[in-house]
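Each remark here refers to the structure printed beneath this line.
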2 protein chains.
Amino acid sequence: MLNSRTPSVKDVAAAAGVSLGTVSNVMNRPEVVSARTRERVERAMAELGFVRNESARQLRAGTSRTLAYVMLDGTNPFFHDVAQGIELAAEDADLSLFICNSNSRAEREEAHLDRLLQQRVQGILITPVNSEAPYLYDLTRRGVPLVIVDRRRDDESCCSVAVDDVHGGRVAIEHLAEQGHRRVAFIGGPESIGQVRERLQGSREVWAELGLPADDLVYLPTEALTVAEGRSAGERLAGLPARRRPTAAFCANDLLALGLLQQSIGAGLRVPDDLAIVGFDDIEFAAAAAVPLSSVRQPRQELGRAAAQLVLDEATNPDHEHQQLFFTPELVARASSRAR
Amino acid sequence: MLNSRTPSVKDVAAAAGVSLGTVSNVMNRPEVVSARTRERVERAMAELGFVRNESARQLRAGTSRTLAYVMLDGTNPFFHDVAQGIELAAEDADLSLFICNSNSRAEREEAHLDRLLQQRVQGILITPVNSEAPYLYDLTRRGVPLVIVDRRRDDESCCSVAVDDVHGGRVAIEHLAEQGHRRVAFIGGPESIGQVRERLQGSREVWAELGLPADDLVYLPTEALTVAEGRSAGERLAGLPARRRPTAAFCANDLLALGLLQQSIGAGLRVPDDLAIVGFDDIEFAAAAAVPLSSVRQPRQELGRAAAQLVLDEATNPDHEHQQLFFTPELVARASSRAR
DNA sequence: CTACGTTTGTGAAACATTTCAACCCACGAC
DNA sequence: GTCGTGGGTTGAAATGTTTCACAAACGTAG
């Protein structure tokens, strides 16, 4: 019953009474083989339960059928949405997607990249721990199509897809100012993350343009962009003397905002009346929060899809040129920041 | 500068002045080659930037270095936590993990499985759309190590790892009854999902044992286990005549519960005073909800880790026996259901 | 009936690795 | 000296595909 070995093209060829090459043609160029033989071969395949060996295919053909995405933080739904966008594009191109998670650790990231190199994936999409890491430059030197997602590089040595974070910071603060807030907290960190810096920069820019005193935009640094850090920021916020306490907070991402929201409500504050909150990313759960969260929306799936298209272009188009794609995020105002 | 071809073992061998076989030995059985030559070969590898071709390795060696997990629903963080557990186990065994997402569509699932078969992955973990699907039985017939995660099969024709859902239903309802609730809603669906059926069954069992009238455990069916469905269930709940309206709800998963929570608060209900809520899964966001959500905790990472161990056993241990692993979920009581 | 073009099918080479039997060589025991 | 012994290394076969130059078969126009 159990056929020790899984059947190969050779077995199929024998069963169908044709040559190896013909079986291969049936799989790869069905138009060159006559309907009659094609059918015979297909029947043989079905009967034997033939499954093409991808390693052999790839070895000989030299081209793999997979893309890979190395995401930064598996606990943040944002990245899964990006991955979903990539997956859709990959599906269209009839490719598989390998999803890895570096968990913000450079060493894991490097290990994953090493594996992917061994697999000879067609292209790599990555939201890196550090977009200037030398091993990333190695990839490009090796000629591996590479797209940096949701980050950027100063030089333009590879494609990237990102969102205008400075602008994102601007619209968030603008909105809060419009709602009448005159003392606002910026919550986020560590500053080593480019995103955080730029969102903060945008916030400060527009704050200054509105002629508001710099001191009244309070920077509350955090250790990471997590729910727990959001809660702890909330505690620090509550600890400020009433006079100094902001009436609104702009968080560098939604996880922070969700943590802050929870802590605030738990502490008996009314949101948005006592504290207005705006997040960043607009993850699914932002809208589902008890007080639906205002957030600066990133086109998450679009980001992924666009990145996949760039990497495919680099992989297949001989005169590909690196591009830096930019999306403009927009504010989605919900209950957590509206009307005082 | 750019060396057209990526170097192969042959190139390394030439550069180091040894034979092919020796280079291979350096990679696979370093102990049999003398320290001197090993070092020479390693230097040559580094200089040439050699990267082993995994396809060729796999083709010849016959064994792949990857596991795969086909998850049911990428929008539910629960599955990502399971995946994380698998990933950890895979990392320990020095394997890569391929993560796929069927999005609850049998056709996508089958397409993914086909791909994985072609890749000759070492084993497949899956949370299937339907655990009795014929193509799943095909896998076993083919001899592919297979573990069903978070589902079960009636016959014991493959390994599975799941949670005792009947028990989960029991503890949730027991808890609510203890808090004094005498009219409770069970929210979940569709009934085609085994989980939903069993959680409901457990609920009914314990309700009857407590001597409460069957009619007072109100079953509110939903189309899916999503936040949106939770919201809509909330609306239906609010529409019930006050006399018939439950004072507590047990949701078949946390997404539903989160949706219900949001809708209820938005409608001006106080949780848990007007409506107590218990979810299922205990995803990260459950604790982070504005009113921290009580939930029946599944050991998510543990589930994944255990499943990975089973699949590895099946893959490597010649006298492997199929096992049905069971975890007992436990209630995590938080503010959404405590003390009226 | 021949020459020629088209359509189908063939067979061997190539891909990059692992594996294994065989070989070489130095060294110690006798 | 000779004979094992065993560590170190080699070379060739094998893995399952794809590709490509070529052959065979078959019409068809002249």
Side-chain angles (χ1 to χ4, degrees), chain A residues 3-42 44-45 48-66 114-115 117-122 142, chain B residues 3-42 44-45 48-66 114-115 117-122 142:
Chain A
N3 253 320
S4 51
R5 218 171 33 79
T6 78
S8 71
V9 261
K10 201 189 297 189
D11 302 314
V12 174
V18 299
S19 80
L20 285 195
T22 302
V23 177
S24 174
N25 281 337
V26 168
M27 294 191 284
N28 303 306
R29 301 196 230 32
E31 67 283 2
V32 316
V33 25
S34 76
R36 244 171 59 76
T37 37
R38 191 190 326 144
E39 208 212 294
R40 206 141 40 91
V41 170
E42 275 162 356
M45 284 180 165
L48 293 174
F50 169 78
V51 176
R52 182 215 239 118
N53 183 324
E54 174 64 18
S55 303
R57 205 215 103 255
Q58 180 173 332
L59 173 59
R60 170 60 231 215
T63 148
S64 95
R65 300 213 132 297
T66 65
D114 196 51
R115 275 278 168 81
L117 232 41
Q118 295 190 19
Q119 318 252 24
R120 304 288 194 268
V121 293
Q122 271 219 328
R142 276 213 153 75
Chain B
N3 253 319
S4 51
R5 218 170 35 78
T6 77
S8 72
V9 262
K10 200 189 296 190
D11 303 314
V12 174
V18 298
S19 80
L20 286 194
T22 302
V23 177
S24 174
N25 281 337
V26 169
M27 295 190 283
N28 303 304
R29 301 197 231 30
E31 68 281 4
V32 316
V33 25
S34 76
R36 246 172 58 78
T37 35
R38 190 190 328 146
E39 209 213 294
R40 203 141 41 93
V41 170
E42 276 162 355
M45 285 179 165
L48 294 174
F50 168 79
V51 176
R52 183 217 237 113
N53 182 325
E54 174 65 19
S55 302
R57 204 216 104 256
Q58 179 172 332
L59 173 59
R60 170 62 232 216
T63 149
S64 95
R65 300 213 134 292
T66 63
D114 196 52
R115 274 276 168 79
L117 232 41
Q118 294 190 23
Q119 318 251 24
R120 303 288 194 274
V121 292
Q122 271 220 324
R142 277 214 154 76

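Here is how names work: the chains are called A, B, and so on, in the same order as the sequence lines, proteins then strands, and each is numbered from 1.
Atom pair A:D11:CG and D:dT15:P shows a separation of 11 Å (rounding to whole Å applied). Between the CZ atom of A:R52 and the C1' atom of D:dT15 there is a distance of 17 Å, rounded to whole Å. For A:M27 and D:dT18, the CE to C1' distance is 9 Å, given to the nearest whole Å. Summarising the geometry, the separation between CG on B:N28 and P on D:dG8 is reported as 17 Å, rounded to the nearest angstrom. Between A:R40 atom CZ and C:dT8 atom C1' the separation is 12 Å, expressed in whole Å. Between A:R60 atom CZ and D:dT19 atom P the separation is 7 Å, expressed in whole Å. Between A:Q118 atom CD and C:dA16 atom P the separation is 15 Å, expressed in whole Å. The nearest whole Å value for the distance from the CZ atom in A:R29 to the C1' atom in D:dT18 is 8 Å.
Residue pairs meeting the salt bridge (Lys or Arg N to Asp or Glu O under 4.0 Å) criterion with at least one member in residues 7-35 of chain A, sequence neighbours excluded: A:R5-A:D11.
Axis angle between the ends of the helix from C:dC1-D:dG30 to C:dC30-D:dG1, five pairs each and rounded to 10 degrees, works out to 50°.
When the nearest nucleotides of DNA chain D are assigned to B:V32 and A:A56 by heavy-atom distance, the more 5′-ward of the two goes with B:V32. The nearest heavy atom of DNA chain D to B:A61 and to B:E31 marks one nucleotide each, and the one closer to the 5' end goes with B:E31.
Not one N or O on the side chain of B:R142 forms a donor-acceptor pair closer than 3.5 Å with the backbone of B:L117. Not one N or O on the side chain of B:Q119 forms a donor-acceptor pair closer than 3.5 Å with the backbone of B:S64. Without hydrogens or angle criteria, B:R40 side chain to B:A16 main chain gives a donor-acceptor distance under 3.5 Å.
Nucleic acid contact class of A:S24 (heavy atoms, under 4.0 Å, all strands): base. At the heavy-atom level, A:T37 lies under 4.0 Å from the strands shown only through sugar-phosphate atoms.
You'll find that the side chain of A:R57 is closest to D:dT18, out of D:dT19, C:dT18, D:dT18. Across C:dT10, C:dA13, D:dT9, the shortest atom-to-atom separation from the side chain of B:N25 is found for D:dT9. The side chain of A:L59 approaches D:dG16 more closely than any other nucleotide in the set C:dG9, D:dG16, C:dT17.
Remark: A:R115 pairs with B:D94 by the salt bridge (Lys or Arg N to Asp or Glu O under 4.0 Å) rule, at least two apart or across chains. For A:R57, the salt bridge (Lys or Arg N to Asp or Glu O under 4.0 Å) criterion is met by A:E54, not counting sequence neighbours. Remark: A:R120 engages no residue in a salt bridge (Lys or Arg N to Asp or Glu O under 4.0 Å) (not counting sequence neighbours).
Atom CG of A:N53 sits about 10.0 Å away from atom CD of A:Q58, to the nearest 0.5 Å. The CG atom of B:L20 sits 7.5 Å away from the OG atom of B:S8 when rounded to the nearest 0.5 Å.
Taking 4.0 angstrom as the limit, B:S34 places none of its side-chain polar atoms (N or O) nearer than this to OP1 or OP2 of D:dG7.
Taking both residues in full, the closest heavy atoms of B:V33 and B:R38 are given as O-NH2, 3.4 Å, listed atom of the first, atom of the second, then distance.
Proximity of residues 12-23 of chain B to DNA chain D (heavy atom under 4.0 angstrom from any strand atom) is restricted to B:V18, B:S19, B:G21, B:T22.
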